[in-house]
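As structure tokens, the structure follows; a few thoughts come after it.
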Amino acid sequence: MERVVDPLETAARTRGVRSEAIAFVAMLVLLVLAPTVAYPVFLMKALCFALFACAFNLLIGYVGLLSFGHALYFGWAGYVSAHLAKIGKLTLPYWGGGWHWFVIPLPPLSPELAVLGGTVTAAVLGLIAGALAIRRQGIYFAMITLALAQMMFFFAVQAPFTGGEDGIQAVPRGHLFGLIDLSNQTTLYYVVLVLFLACFLLIYRIIHSPFGEVLKAIRENEPRAISLGYKTDRYKLMAFVLSAALAGAAGATKAIVFQLASLTDVHWTMSGEVVLMTLVGGLGTVFGPVLGAFVIVSMENYLAEFGQWITVIQGVIFVACVLLFRRGIIGEIANALRVRL
Amino acid sequence: MISIFGIPSQALFGQLLIGLINGSFYALLSLGLAVIFGMLNIINFTHGAQYMMGAFVAYLVLQYLGLNYWVALLIAPILVGLTGVIIERLFLKRLYQLDHLYGLLLTFGLALIIQGVFRNYYGSSGLPYQVPELLRGGQNLGFMFLPNYRAWVIFFSLVVCLGTWFVIERTRLGAYLRAATENPTLVRAFGINVPRMITLTYGFGVGLAAIAGVMAAPIYNVSPLMGEDIIIVVFAVVVIGGMGSIMGAIVTGFALGLIEGLTKVFFPEASNTVIFVIMAIVLLIRPAGLFGRAT
């Protein structure tokens, strides 16, 4: 069958692509020049959270699934990557008429392999948690993801390799591919930036692919997507695994950058924070989560003197966003300019 | 000394008792969540904070007004319920036309605010609250020692739970409530003030959380963070039970408390996680929950 092309739709699509291209170039220029005005460590933190928020947004913005447990993938990928970079040796329990330890004698790995290991772990965890959570719809989905994340939080508290309250400290940054020394802050910043941009473009590709169109169809009307013959559960699970893996990449990178993996990153407050970042920036927008992450991370940085009140401020932002501007910053801008961002 | 499965009966029944106590809190809290969800279609993330507020009302009225536990048990649900009414009127009523998840996000934000404010004034370590004089001491049952206060908690939460069940399932008011859950427009056409009913339902559900908070005050310390973790466990309880049935919420709450208590005896490392594991198993076998209808 010949595809009928709607000229209006094509025009809208071209305009959408154009506005997104302009925004992308602006973001790229800002991020490349940023280390001249801001501390690289702060920027790297913001970039890790930006990637985390983009990964989270892939689920809520494009499939309509609210995961309230994304800290699980972020934090556990951090633990695994920190462990791989610092110690390497893996000891896995297995059952054979009693519990035994299966030891894989790995040396401490270079940072790219450590991050890869963390990402793969997050993908596997996402596969398990996602397969459970998509068995229920709507609000139950959020509660299940939160509960599973809390379970893994308690596991992180008790498991010996996570170091309990201390976390895994003094993780070496090492040499990228065994060549590039990452102890220099600026070098590390650009490495993190490249990783962030690669993942950002991957997410962009995913949401604009035929697969992404099906995801949006599920968000708009799942029964209809089912009636059109799509196995929506498979699509949801795939999206969940992708989102978990990308959140894992963010967490794994953060562990290498800060040389630390700790309980903070697996706690549910972290899950709440990523929701807040995405909400502030704009649910279902491409650039919203990035801006949201920068806004929230800067806020935490500059308001650090208020100490405990930060939680209250975050709560107020939550309430204000839900009641007053549900589109978020980027969503409002895109709406005012009538473009897609 | 009697022992069962190699475990002294004192320890076994002691843990089971603690399990039942936790179970009564789970039951009261998940009952409140279910009642609120039924009418408002909102998952009340603030529930844990409101449970904490209940305990704080008990602490504060004792500290500043010298009012004892029994008065607190009466006024805490009313006061916290009133704050609930205000929250519903100010915020929640604006969300009914929107996706469920905005209700969750808004109440999550409110929980952060409430817990943050309390933590700023009272720190995160607990404040002690004495067991009321009338209920000090306990009974020796031969196989275990039963503190009076703990027996009271179990008894009273059962009374409150079953009372709620009776009101909702067996009275005219409850019939209106159930009808409004099914079809609010039709019930409004019959001349019943549904928006007011929704407001009061939220206040009532929140009041249940406050009752649980007052009862928890002498057992755990009064702390701004006491509601933070329990609410996530209660979410798991709600997923296991399904929110369709009032009795389901009560039974699941008590049963899971007991199971948690048993786990503490036989496999203490898993006591924090057992409810979540059960949730995962239930999702695999009966995705709609034990008492839920398929959605």
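Every chain is numbered from 1, with letters handed out A, B, ... down the list of sequences.
For the pair B:Leu105 and A:Leu66, the minimum side-chain heavy-atom distance is below 4.5 Å. Side-chain contact between B:Leu101 and A:Ile60 is present, with at least one heavy-atom pair separated by less than 4.5 Å.
For A:Ser67, the side chain to side chain donor-acceptor pair (under 3.5 Å) partners at least two apart in sequence or on another chain are A:His70.
Contacts of A:Val275 with chain B are made by side-chain atoms alone, with heavy-atom separations under 4.5 Å and no backbone atom involved. Contacts of B:Leu283 with chain A are made by both backbone and side-chain atoms, with heavy-atom separations under 4.5 Å. Looking at B:Val238, the atoms closer than 4.5 Å to chain A (heavy atoms on both sides) sit in the backbone and in the side chain alike. Only the side chain of A:Leu279 has a heavy atom closer than 4.5 Å to any heavy atom of chain B.
In plain terms, the two heavy atoms of A:Tyr140 and B:Met243 that are nearest each other are OH-N, 3.0 Å. Contact detail for B:Leu104 and A:Ala142: the closest heavy-atom pair is CD2-CB, 3.7 Å. For A:Gly315 against B:Leu112, the heavy-atom pair with the smallest separation is CA-CB, 3.9 Å. Taking each heavy atom of A:Arg136 and B:Gly289 in turn, the nearest pair found is NH1-N, 3.4 Å.
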Verify side chain to side chain contact (heavy atoms under 4.5 Å, CB included) between A:Leu323 and B:Tyr102, making sure each step is shown before the conclusion. CA-CA 9 Å; A:Leu323 289 178; B:Tyr102 286 110; over 6 Å; no
Using the ring-ring contact (aromatic ring centres under 6.0 Å, His included) rule, take B:Phe108 and A:Phe68 through it: C-alpha gap first, then chi angles, then the decisive distance, then the call. CA-CA 11 Å; B:Phe108 178 71; A:Phe68 225 104; 4.9 Å; yes
Does the pair A:Thr311 and B:Gln115 meet the rule for a side chain to side chain contact (heavy atoms under 4.5 Å, CB included), with working shown? CA-CA 8 Å; A:Thr311 326; B:Gln115 274 161 356; over 6 Å; no
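Identified by a heavy-atom distance below 4.5 Å to chain A, the contributing residues of residues 89-99 of chain B are B:Phe91, B:Arg94, B:Leu95, B:Leu98, in residue-number order. Of all residues in residues 224-234 of chain B, those placing a non-hydrogen atom less than 4.5 angstrom from a non-hydrogen atom of chain A are B:Glu228, B:Asp229, B:Ile232. Inspection of non-hydrogen atoms places A:Leu283 of residues 281-306 of chain A under 4.5 Å from chain B.
Side-chain atoms of A:Gln158 come within 3.5 Å of backbone atoms of B:Glu269 as a donor-acceptor pair (strictly under, hydrogens ignored).
When each of B:Leu106, B:Asn120, B:Thr273 is checked for heavy-atom pairs under 4.5 Å with chain A, B:Asn120 comes out on top.
Ring planes of B:Phe45 and A:Trp268: tilted class, angle from 30 to 60°.
Enclosure of atom CZ in A:Phe155 is not indicated, since only 12 or fewer non-hydrogen atoms of other residues, nucleotides or ligands lie within 6.0 angstrom.
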